[in-house]
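The structure under discussion appears below in the form of structure tokens.
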Amino acid sequence: MSNLSTSQIFELRQQVLNKEFCKMNDRQREAVLHVNGPLLILAGAGSGKTTVLVNRIANIIKYGNAFSSQTVPGDLSDEEQNSIKEYLDHDIPLPQQLVDRLSVGACRPWQILAITFTNKAAGELKNRLVNMLGEDGNDIWASTFHSTCARMLRRDGDRLGYSSHFTIYDTDDSRRMMKECQKALGIDDKLLSCKSILSAISHAKDNMVLPEEFMKQAGNDNRLVLIAKAYKLYQARLREADAMDFDDLICNAVLLLQNNPDVLDYYQNKFRYIMVDEYQDTNHAQYLFVKLLAQKSGNLCVVGDDDQSIYKFRGATIENILSFESTFPNTKVIRLEQNYRSTKNILNAANAVIENNFQRKGKTLWTNNKTGEKISVHTAYSEQDEADFLARTILSGVADGRKYSDFAILYRMNSQSNILEKIFVKSGIPYRIIGGQRFYERKEIRDMIAYLSVINNPNDEIRLRRIINQPKRSIGDKTVAQATEIAAARGESLFDVIRHADQYEPLKRSAPKLLQFASIIQELIDALNDENTSLNELYRLILDKTDYIASLYTSENGDVQDRIDNINELASNLIKYEEENGEEASLEGFLEEVSLITDIDNFDESSDSVVMMTVHSAKGLEFPVVFLPGFEDGIFPGMQAIYNPVEIEEERRLAYVAITRAKEELFLVNAESRMIFGSTSRNKPSRFIEEIPEELLNRTRTREWKKPQPGTRLPTSAFEARAITTEAARNFGPSGFFHSAPPAVQFKAGDCVFHKTFGKGMVLSATPMGNDTLLEIAFDKVGTKKLMANFARLQREQP
DNA sequence: CTTAAGAAGGTTTTT
DNA sequence: CCTTCTTAAG
């Protein structure tokens, strides 16, 4: 072999790169190989954008900007030429050394930042990166906006007056906090609800409007002035509590970068390539965040689909994607329009619907998939009948060989899930609901999280107040209010006052209770600081010391077993977290993970059950068969949207998202009458149906309505259905200590026992409750306690 | 301070 | 329809 000319080498390198990514279509490959400079990828639904993202990152790490670079490696030896030939002709991998020779400006994994919106998307991205790149994949910053920002703020938050252990408040915490502020400012919730104040504040933060600025803008508008005051106080209190709400994470991260050139510089140099997924859902603050980081390198790649922008209500501005080209000069735009997901009929229906929108970049998806079934449009009598129809269709589908997990039901609002749930329980159809009452929003979980938070950060007043009387300790509002007042007057934290309650006259009466509470918390803090205590031991300790489980039996009327299951599941999450993070595991880390997690992140596709969720939650997912119940004017599009053209466009995009989730079959279902918020209403079929060409539709209606269906698999017990829904809660693998523990020893009154934390004691009474026994035990050292036998891990003692 | 019962209010979508 | 808050009685 002879020496090659520069252009031959160049040519050879192009061939290698094209070969490397030959599995993609031309557009996709173009996106993968375009590395430097701003890049806008308009990726239609199901066009393989995650694949593109993963491969693009792989390309950057392996070859850098080699494809577009004019710099050509020097002479290639015969051996090297041979290797390349072997690779091109016979797929024999290139030696790493040669890859390095061909690459231009390749960078290390940690120099790449990939931002997504959900943890699930981030997780999936990471998984695929690890699959493709091996361990290197782990070093890529692939995370959500919120966790990226949180990570930065943990590192440098002191510049803004926050500690590195700051707490992240969720909506409920924020609400409580705002209520306090309203009280302090004398704002009547009836005149100006905390909800509307919070939403105004949230909007302000999305647009980087700080309290002072907000006040200025308020002018003479009384309402706005009140909101401005509340905003200011709210922020001050958050800071005192060392806490941030969701919007603060973004907003403060932007402030951090804007006001600290050295920090900005650090990250600008660190991240040579930035990628943002679902760019159409970014708000102004997020846009600034990304822009600041990418300013120096200019290597910003955003992926999005203006037709799938469905979070305007959350501050997302579609302008971010519509104006990307003008904001970042010399943007390369690539459209991915080939759909690999749906049948022709489904895709054509989606195209037909979205075409009616004016505000769009314009693209038409096409597919090589087969034509498939027509789209079913079914009209039912009532919402009962609608649910019935779904159940029947699913059961007959399963009889024909489908799995339950092939079916998804996507609705416009969470409240639609109730009737469906009832019918599914009755027909024995296993199902899972994603969203709605979310796991981390359940009372008992919030309580446990609150305990963990307070242990981690005793300044967290909102959460301290949440648990101070939970379980009931006879510490009432009045006492807490008094303590708060003292704390404010003395400039101390609430916890400090409570800890020394006996020193304050007004607290004298409740001092013993307060001190006892404080000592529990203090012991838990000590346990946390003790290196020998693992997180799950700490968690157990909380349960033990607070008698939380026992208190559920006396105070809750709902299904106690469910609550216990939930508490156990949180334990299993904690253990899982510890296992995954090993030495790195910390309470703070766990709390952060928990506070940024959503239900959809836990969606586990492996279990065989029908899934139900809102259309919003379904973005990014796909299912063989999709039902859209409540496809009616007034529901989808919603009532408020009907006379508002802008809103209608948003609803239409939502419909587009919904339709494009389906791979093989799609059912648009409406009911002629339905109970809605207590009263019956009659809705017309959704206007979006009329936008689909008639020849794609197959219209049916319920002929005669037989009530409960004597069907394939008749009424299974409610127990079985519950077993399915709480399957996750029960199954927590080898690490779940509660359920894998040997069956509890039976105890009776008079038995002497030993408890790990409380020491020796004697059983006073044993009351069977559910599968467990409530024991009242007189301990030698700590007095009488109520414990659940299965949880207490008691040992029998010889008297 | 707790509990229970009654009234009222608010209903889209969520990181 | 549901949850959440208020109120009055224990």
Side-chain angles (χ1 to χ4, degrees), chain A residues 115-122 143-150 168-172 174-176 179 189-190 193-196 198-199 202 205-206 244-251 278 281-283 285-286 309-316 383 410-419 434-438 440-441 443 468-480 509-510 513 551 554-558 595-601 613-619 630 634-642 644 647 650-651 653-655 657-658 674-681:
Chain A
I115 306 181
T116 63
F117 268 81
T118 63
N119 294 300
K120 184 179 163 53
S143 56
T144 63
F145 265 106
H146 293 267
S147 43
T148 306
C149 290
I168 300 171
Y169 275 4
D170 63 19
T171 357
D172 185 69
S174 303
R175 226 189 73 239
R176 282 161 185 265
K179 292 230 146 131
D189 200 78
K190 278 174 192 120
S193 71
C194 68
K195 243 178 136 183
S196 48
L198 282 170
S199 103
S202 172
K205 287 178 182 172
D206 286 347
M244 299 190 198
D245 66 18
F246 284 135
D247 302 312
D248 282 332
L249 290 175
I250 313 287
C251 197
E278 307 279 11
D281 290 330
T282 50
N283 61 34
Q286 287 162 335
S309 160
I310 54 175
Y311 284 107
K312 198 185 69 169
F313 70 93
R314 211 175 63 199
E383 83 270 28
L410 311 179
Y411 32 75
R412 181 64 240 274
M413 46 193 178
N414 281 119
S415 54
Q416 285 172 263
S417 67
N418 278 326
I419 327 132
I434 312 288
Q437 244 273 20
R438 284 194 281 290
Y440 286 101
E441 280 167 20
K443 271 191 212 87
I468 194 165
N469 200 28
Q470 197 65 243
K472 300 268 152 64
R473 295 188 179 88
S474 299
I475 301 173
D477 291 344
K478 254 189 157 167
T479 311
V480 176
R509 206 158 31 133
S510 20
K513 311 263 182 209
S551 81
T554 48
S555 64
E556 298 295 330
N557 34 9
S595 58
L596 294 175
I597 226 161
T598 34
D599 234 30
I600 184 72
D601 303 328
M613 66 182 100
T614 63
V615 179
H616 281 101
S617 312
K619 192 160 69 153
I635 292 181
F636 200 169
M639 210 52 192
Q640 38 359 279
I642 280 178
N644 182 338
E647 289 279 319
E650 175 110 348
E651 296 279 316
R653 288 192 291 271
L654 197 53
V657 169
R674 95 169 48 229
M675 278 278 269
I676 200 160
F677 303 137
S679 55
T680 309
S681 61

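Throughout, protein chains are lettered first and strands after them, A, B, ... in sequence-line order, and every chain is numbered starting at 1.
Counting non-hydrogen atoms under 4.0 angstrom, A:Met675 reaches the backbone sugars and phosphates but no base. Among the atoms of the strands shown, none is found under 4.0 Å from any heavy atom of A:Asp170. A:Gly476 comes within 4.0 angstrom of the backbone, heavy atoms only, and of no base. Note on A:Arg175: only backbone sugar-phosphate atoms sit closer than 4.0 angstrom, heavy atoms only; bases stay farther off. Nucleic acid contact class of A:Thr171 (heavy atoms, under 4.0 Å, all strands): none. Within the 4.0 angstrom heavy-atom criterion, no nucleotide atom of any strand lies near A:Phe145. When heavy atoms are screened at a 4.0 angstrom cut-off, A:Lys179 is found touching the sugar-phosphate backbone but no base atom.
Both A:Lys478 and A:Glu650 lie close to DNA chain B; mapped to their nearest nucleotides by heavy-atom distance, the more 5′-ward contact belongs to A:Lys478. Both A:Gln286 and A:Gly638 lie near DNA chain B, and the one whose nearest nucleotide falls closer to the 5' end is A:Gly638.
Formation of a donor-acceptor pair under 3.5 Å by the A:Thr118 side chain with backbone atoms of A:Ala121 is found in this model. In this structure, the side chain of A:Asn469 engages the main chain of A:Ser474 through a donor-acceptor pair within 3.5 Å.
Classification of the A:His616-A:Tyr311 ring pair by plane angle, with boundaries at 30° and 60°, yields tilted.
For the pair A:Phe313 and B:dT12, the ring geometry does not qualify as stacking, because the centroid separation below 5.5 Å and plane angle under 30° are not jointly satisfied.
Atom CG in A:Asp172 sits about 16 Å away from atom C1' in B:dT15, given to the nearest Å. Across the protein-nucleic acid pair, A:Gln640 atom CD and B:dT12 atom P stand 7 Å apart, rounded to whole Å. Regarding A:Phe636, its CZ atom lies at a distance of 11 Å from the C1' atom of B:dT12, rounded to whole Å. Atom CE of A:Met613 and atom P of B:dT14 are 11 Å apart (whole Å). The separation between A:Asn283 atom CG and B:dT13 atom C1' is 16 Å, rounded to whole Å. The interatomic distance linking A:Asp477 (CG) with B:dC1 (P) rounds to 8 Å, in whole Å. Computed from coordinates, the A:Asp281 CG to B:dT15 C1' distance equals 10 Å when rounded to whole Å. Rounded to whole Å, the distance from NE2 on A:His146 to P on B:dT14 is 14 Å.
One finds the CG atom of A:Leu654 at 4.0 Å from the CZ atom of A:Phe636 (value rounded to the nearest 0.5 Å). Here the NZ-CG distance, from A:Lys205 to A:Leu249, works out to 9.5 Å after rounding to the nearest 0.5 Å. Atom CD1 of A:Ile310 sits about 8.0 Å away from atom CD of A:Glu278, to the nearest 0.5 Å.
With hydrogens and angles left out, the side-chain atoms of A:Ser193 and A:Ser196 include a donor and acceptor closer than 3.5 Å. A donor-acceptor contact under 3.5 angstrom links the side chains of A:Thr614 and A:Ser617, judged on distance only.
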>> Using salt bridge (Lys or Arg N to Asp or Glu O under 4.0 Å), reason through A:Arg314 and A:Asp281 one step at a time and then give a plain yes or no.
In response: CA-CA 9 Å; A:Arg314 211 175 63 199; A:Asp281 290 330; 5.9 Å; no
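With sequence neighbours excluded, no residue satisfies salt bridge (charged side-chain N to carboxylate O under 4.0 Å, His left out) with A:Glu383.
The side chain of A:Glu651 lies closest to B:dT12, out of B:dT12, B:dT14, B:dC1. For A:Thr614, whose side chain is taken as the heavy atoms from C-beta onward, the closest listed nucleotide among B:dC1, B:dT15, B:dT13 is B:dT13. For A:Glu647, the side-chain atoms get nearest to B:dT12 when compared with the rest of B:dT12, B:dT2, B:dT15.
Partner of A:Ser143 under the side-chain hydrogen bond (donor to acceptor under 3.5 Å, both in side chains) criterion, out of A:Asn119, A:Thr116, A:Thr148: A:Thr148 alone.
A:Asn414 has a side-chain polar atom (N or O) that falls below the 4.0 Å cut-off from OP1 or OP2 of B:dT13.
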Report each atom pair, protein N/O against N/O of nucleotides 9-11 of chain B, whose distance is under 3.5 angstrom.
from, atom 1, to, atom 2, distance (Å)
B:dT11, OP2, A:Lys195, NZ, 2.5

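First and last contacting nucleotides of DNA chain C toward chain A (any atom under 4.0 angstrom from a heavy atom, 5' to 3' order): C:dC1 to C:dC5.
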